[in-house]
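Have a look at the structure below before the remarks.
Here the structure is a predicted model, which is why all the values come from computation and not from measurement.
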Amino acid sequence: MEEAIKIVTPLSSDKARQLKAGDLVLITGTIYTARDAAHKRMVEALDAGEKLPVDFTDQIVYYVGPAPAKPGQAIGSAGPTTSGRMDAYTPRILEQGLRGMIGKGYRSPEVVNAMQQHGAVYFAATGGAAALIAKTIKKYEIVAYEDLGPEALSRLTVEDFPAIVVIDSEGRNFYTEGQSKYRDL
């Protein structure tokens with residue numbers, strides 16, 4: 001089995017460009033959470049000429065709506081949500097320096113083009129492993145849009161958060177490449 005690449009945030013453009021579709025990674029440091037409602041608000045803020053509540057330069061966003069934490073835990077179950085729900089907003093957020101996204105599912109051609117243009121990568125987290133993923137999250141704090149509840153913009157401190165590079169900064173797609181060897185069987 002391939003050894004995982006250790007990533008410590010922030011994720012620089014150079015480091016993001018070194019990652020290739022299919023790479024296994026373990027992320028340590030700060031990542032942010034935001035889903036479609038938060039993304040909509042951020043794009044509306046940009047359209048109004050306002051600053052975002054977070055500087056996304058070289059940051060990673062995890063598309064998650066976590067469950068409430070049980071006593072003694074930083075967060076409840078924290079599995080990925082379908083990334084396509086953010087596709088209408090993602091190119092604008094990538095323009096702000098966002099370097100990585102974590103979710104599940106396919107991305108639109110517009111998002112892949114924007115990733116190539118800005119040197120960003122898309123990671124997949126394993127759906128169905130929400131409780132295990134939560135164990136890698138050491139701290140959870142809401143930083144904006146608290147009224148959105150679990151969809152608020154939040155900051156996570158993570159240690160060895162497991163993910164796979166699904167789409168790299170060159171546009172190579174592991175979903176497509178991984179399936180291709182089985183199509184001719």
Side-chain angles (χ1 to χ4, degrees), residues 1-11 15-16 18-39 56 59-70 72-87 89-90 93-94 98-108 111-112 115 120-141 149-183 185:
M1 185 164 153
E2 180 182 339
E3 189 169 325
I5 298 168
K6 298 250 186 187
I7 295 174
V8 177
T9 63
L11 179 62
K15 182 64 178 177
Q18 291 172 13
L19 297 170
K20 300 302 174 201
D23 284 348
L24 303 174
V25 300
L26 295 172
I27 303 166
T28 296
T30 298
I31 62 176
Y32 290 89
T33 72
R35 286 184 38 173
D36 41 325
H39 276 73
F56 280 113
Q59 299 301 320
I60 299 172
V61 169
Y62 181 28
Y63 304 140
V64 60
K70 292 180 181 171
Q73 295 179 327
I75 197 169
S77 291
T81 196
T82 303
S83 302
R85 295 168 51 190
M86 276 53 73
D87 281 2
Y89 312 109
T90 299
I93 305 302
L94 288 169
L98 183 67
R99 200 66 60 210
M101 300 152 287
I102 305 169
K104 66 178 181 180
Y106 292 91
R107 304 309 300 264
S108 71
V111 169
V112 175
M115 289 171 56
V121 293
Y122 171 52
F123 303 99
T126 303
L132 292 174
I133 289 171
K135 291 181 179 190
T136 71
I137 300 169
K138 306 306 178 190
K139 187 175 179 184
Y140 167 75
E141 60 183 318
E151 292 197 34
L153 177 60
S154 302
R155 182 176 22 253
L156 303 179
T157 301
V158 299
E159 186 177 313
D160 290 339
F161 183 107
I164 299 169
V165 178
V166 177
I167 302 174
D168 63 28
S169 63
E170 296 172 10
R172 290 184 42 221
N173 187 323
F174 188 64
Y175 286 144
T176 307
E177 291 177 12
Q179 294 171 11
S180 66
K181 61 184 165 186
Y182 298 102
R183 293 192 193 277
L185 295 179

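Residues R35 and Y63 bring no donor and acceptor atom of their side chains to less than 3.5 Å of each other.
The line from OH of Y62 to OG1 of T81 is 9.0 Å long, rounded to the nearest 0.5 Å. Taking CD1 from I27 and CG from L11, the interatomic distance works out to 8.0 Å, rounded to the nearest 0.5 Å. Taken from CG in D23 to CD in E3, the straight-line distance is 12.0 Å, to the nearest 0.5 Å. Separation of atoms OG1 (T176) and CD1 (I167) is listed at 7.5 Å; rounding is to 0.5 Å. Rounding to the nearest 0.5 angstrom, the gap separating the CG atom in L94 from the OH atom in Y122 is 12.5 Å. Distance check, rounded to the nearest 0.5 Å: OG of S169 to CZ of R99 gives 9.5 Å.
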> After noting the C-alpha distance and the side-chain angles of Q18 and I5, does the key distance pass the side chain to side chain contact (heavy atoms under 4.5 Å, CB included) rule?
Replying inline: CA-CA 11 Å; Q18 291 172 13; I5 298 168; over 6 Å; no
> Is there a side chain to side chain contact (heavy atoms under 4.5 Å, CB included) between V112 and N173 once you walk through the steps?
Replying inline: CA-CA 9 Å; V112 175; N173 187 323; 5.7 Å; no
>> Run L19 and V25 through side chain to side chain contact (heavy atoms under 4.5 Å, CB included) and show every step you take.
In response: CA-CA 9 Å; L19 297 170; V25 300; 4.2 Å; yes
> What do the steps show when you test M101 against R107 for side chain to side chain contact (heavy atoms under 4.5 Å, CB included), and what is the final call?
Replying inline: CA-CA 11 Å; M101 300 152 287; R107 304 309 300 264; 3.6 Å; yes
Quick one: side chains of residues 156-165, donor-acceptor pairs under 3.5 Å with protein atoms, not counting sequence neighbours, listed by atom name and distance.
from: D160; atom 1: OD1; to: K6; atom 2: NZ; distance (Å): 3.3
from: D160; atom 1: OD1; to: T28; atom 2: OG1; distance (Å): 3.4

Contacts table for residues 128-138: side-chain donor-acceptor under 3.5 angstrom, sequence neighbours left out:
from: T136; atom 1: OG1; to: I133; atom 2: O; distance (Å): 2.7
from: K138; atom 1: NZ; to: K135; atom 2: O; distance (Å): 2.8

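A side-chain donor-acceptor contact under 3.5 Å links S108 to the backbone of V111. Side chain of S83 to backbone of K104: a donor-acceptor contact under 3.5 angstrom is found. Between the side chain of D168 and the main chain of A21, a donor-acceptor pair closer than 3.5 Å is present.
Taking every heavy atom of both residues into account, L26 and A4 meet most closely at CG-CB, 3.8 Å.
Taking F123 as the reference, nothing meets the ring pair (Phe, Tyr, Trp, His ring centres under 6.0 Å) condition, with sequence neighbours excluded.
A tilted orientation is assigned to the rings of Y106 and Y175, their planes being inclined by 30° to 60°.
With a 4.5 Å cut-off on side-chain heavy atoms, R155 and K139 do not count as touching.
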